[in-house]
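Data block below; observations after.
Below, chains carry the letters A, B, ... as their sequence lines are ordered, and counting in each starts from 1.
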Protein chains: 2
Amino acid sequence: MQSSESLQRTSLSDAAESALRSMIVDGRLPAGERLNEVHLAERLGVSRTPLREALNRLVTEGAIEARPGRGYVVKPLSIEEFEQLYALRPILDPAALRLAGLPSFSRISKLGKLNQKLRTARGADAAIELDDAWHQELLAGCPNQILLELIVGITRRTRRYELALMREARLVNQAGDDHERILAALRARDLDAACAALERNLKSGRAPIVAWLRAREPKQRKESAR
Amino acid sequence: MQSSESLQRTSLSDAAESALRSMIVDGRLPAGERLNEVHLAERLGVSRTPLREALNRLVTEGAIEARPGRGYVVKPLSIEEFEQLYALRPILDPAALRLAGLPSFSRISKLGKLNQKLRTARGADAAIELDDAWHQELLAGCPNQILLELIVGITRRTRRYELALMREARLVNQAGDDHERILAALRARDLDAACAALERNLKSGRAPIVAWLRAREPKQRKESAR
DNA sequence: CCGCCGTCTACTGTATACAGTATGCAATCA
DNA sequence: TGATTGCATACTGTATACAGTAGACGGCGG
């Protein structure tokens, strides 16, 4: 009788992983920071072993970088990485939506409600969270689990950029209108139009972030020890 | 890209990782096998620490599965995973080719030569290796590094299925003709036609493997530890 | 004979000890 | 004075010791 699948909260390495992720995302561990394992382990209250496991996973997730023999570094924000990450969503998401097919009416109404919440969301964190949730719900019918995991991974990696921007500038939230257009197409049972609108939606957030990255690029030149 | 013998240069965890990968791929660690860390560490001649780091990375790569508190298990071959993996390439590869644009003439001629080698390849391993190399060369001009990494990762995960099949059945190699059609389109400078042919190529390998998986599925029922 | 409970074993998860190496600083030599 | 080399320090990579727990097996009660 194992219906308790979700109780697996116990693992220091998992805890360290999510702690580190949020520390990186919200800037407590700034981009470019070199990570001292001993200090970091003390700071997190764990030993080096689970910490290193967490670091390893974050390396494969793309949040930090491992230099052989020199330890780990928080990956600096780079225009290249952001542009490449952002270019993937307009490829993957419409493909996933096509695989999912037209959503059920209950899902569409759920999406409508979610979008309402998104429109009235206060604060960058909440808005991003809700936007991600909206897209996840949109694709929930996709039978290809691996594709969905890819999208989740990319979402995680881009969130760092979005939050970094939000902390300095106020990002205009036009996602609500985009979503409404997608929903309109879905209500009209027009999958192609929905995919096209989704593609536009996913491309739209790019420009302001690239502009912001470009503006702060000079600062990062200092760090470029190559 | 794989140096299976240069264990000395890399760190032990890297060495363990690639060693494990090939052990999984070529069946020395059969699908479904539960991994005992102590025995495995002895077998590889390393201690548990670098072994666990390798296992962790292989989990994120999808080759093995971590059960909390119960250790690691080689992920069983499953039709679902294979179908989902195989469905991704026809999405990703044409997108990458579009981003790359029409290849240079030197690249096209290189592709032609590679395909000749592929046609005369003896042995399943060599054929798969060359097929992967061909596709990698085809997309080499793609500026989106992250997209290419996604494709490489998926290639890795599917190779296990392809090799498993090859060991039991002789897969007809029709890739050579597919590639020739793609090349013809490229020589005619017709990117759309090339993408379409590439998509067909990437979809074509699916059927025999699915049939084989389906045939051996009953055996796996025994293992079904939900 | 069947089921439940306690103990026992073995394995995972975590901490810590050890060794090798990169790095910064200083002293010496040109 | 500048460069180069030797040394000290500290950090990573690896091994090993420790602890907690899951699963098995056997004893005991029904």
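A:Y161 and A:E81 are linked by a side-chain donor-acceptor pair at a separation below 3.5 angstrom, with hydrogens and angles left out of the test. A side-chain N or O of A:T155 and one of A:R89 form a donor-acceptor pair less than 3.5 Å apart.
To the nearest angstrom, P of C:dT12 lies 8 Å from CZ of B:R52. Atom CD in B:E17 sits about 17 Å away from atom C1' in D:dT14, given to the nearest Å. Here D:dA15 presents its P atom at 10 Å from CG of B:L51, a figure rounded to the nearest Å. Rounded to a whole Å, the CG atom of A:L44 is 15 Å from the C1' atom of C:dA15. Across the protein-nucleic acid pair, A:E42 atom CD and D:dC11 atom C1' stand 13 Å apart, rounded to whole Å. The separation between B:E53 atom CD and D:dT12 atom P is 13 Å, rounded to whole Å. Atom CG of B:D14 is separated from atom P of D:dT12 by 16 Å (rounded to the nearest Å). The distance from atom CZ of B:R67 to atom P of C:dC11 is 16 Å, rounded to the nearest whole Å.
The minimum heavy-atom distance linking B:C142 with B:L147 is given by the pair SG-CD2, 4.3 Å. The minimum heavy-atom distance linking B:R160 with B:V74 is given by the pair NH2-CG1, 3.9 Å.
Using modelled atom types, no side-chain atom of A:E65 and backbone atom of A:V73 make a donor-acceptor pair closer than 3.5 Å. Checked by atom type and distance alone, the side chain of B:D26 pairs as donor or acceptor with a backbone atom of B:R28 at under 3.5 Å. With hydrogens and angles disregarded, no donor-acceptor distance shorter than 3.5 Å links the side chain of B:E80 to the backbone of A:N144.
Sequence order on DNA chain D of the closest nucleotides to A:N36 and B:G45 puts A:N36 first from the 5' end. Nearest-nucleotide assignment on DNA chain D puts the 5′-proximal partner with A:V38, out of B:V46 and A:V38.
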Polar-atom pairs under 3.5 Å, protein N or O versus N or O of nucleotides 16-21 of chain C: list them with distances, or write none.
{"from": "C:dT16", "atom 1": "O4", "to": "A:T49", "atom 2": "OG1", "distance (Å)": "3.2"}

Within the sub-3.5 Å range, which N or O atoms of nucleotides 21-23 of chain D have a protein N or O partner, and how far apart are they?
{"from": "D:dG23", "atom 1": "OP1", "to": "B:R70", "atom 2": "NE", "distance (Å)": "2.9"}

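Under the 4.5 Å side-chain criterion, counting only non-hydrogen atoms from C-beta, B:T60 is not in contact with B:N56.
When the options B:R156, B:E137, B:R159 are evaluated for a side chain to side chain contact (heavy atoms under 4.5 Å, CB included) with B:D132, the one that passes is B:R159.
The pair A:R206-A:E83 meets the salt-bridge criterion, with a side-chain N (NZ, NE, NH1 or NH2) lying under 4.0 Å from an Asp/Glu carboxylate O. Ion pairing of A:R57 with A:D14 is present here, as a side-chain N (NZ or NE/NH1/NH2) and a carboxylate O approach within less than 4.0 Å.
Backbone-only contact: B:L35 has heavy atoms under 4.0 Å from sugar-phosphate atoms and none from a base.
Only at 4.0 angstrom or more do the heavy atoms of residues 54-62 of chain B sit from any atom of DNA chain D, so none qualifies.
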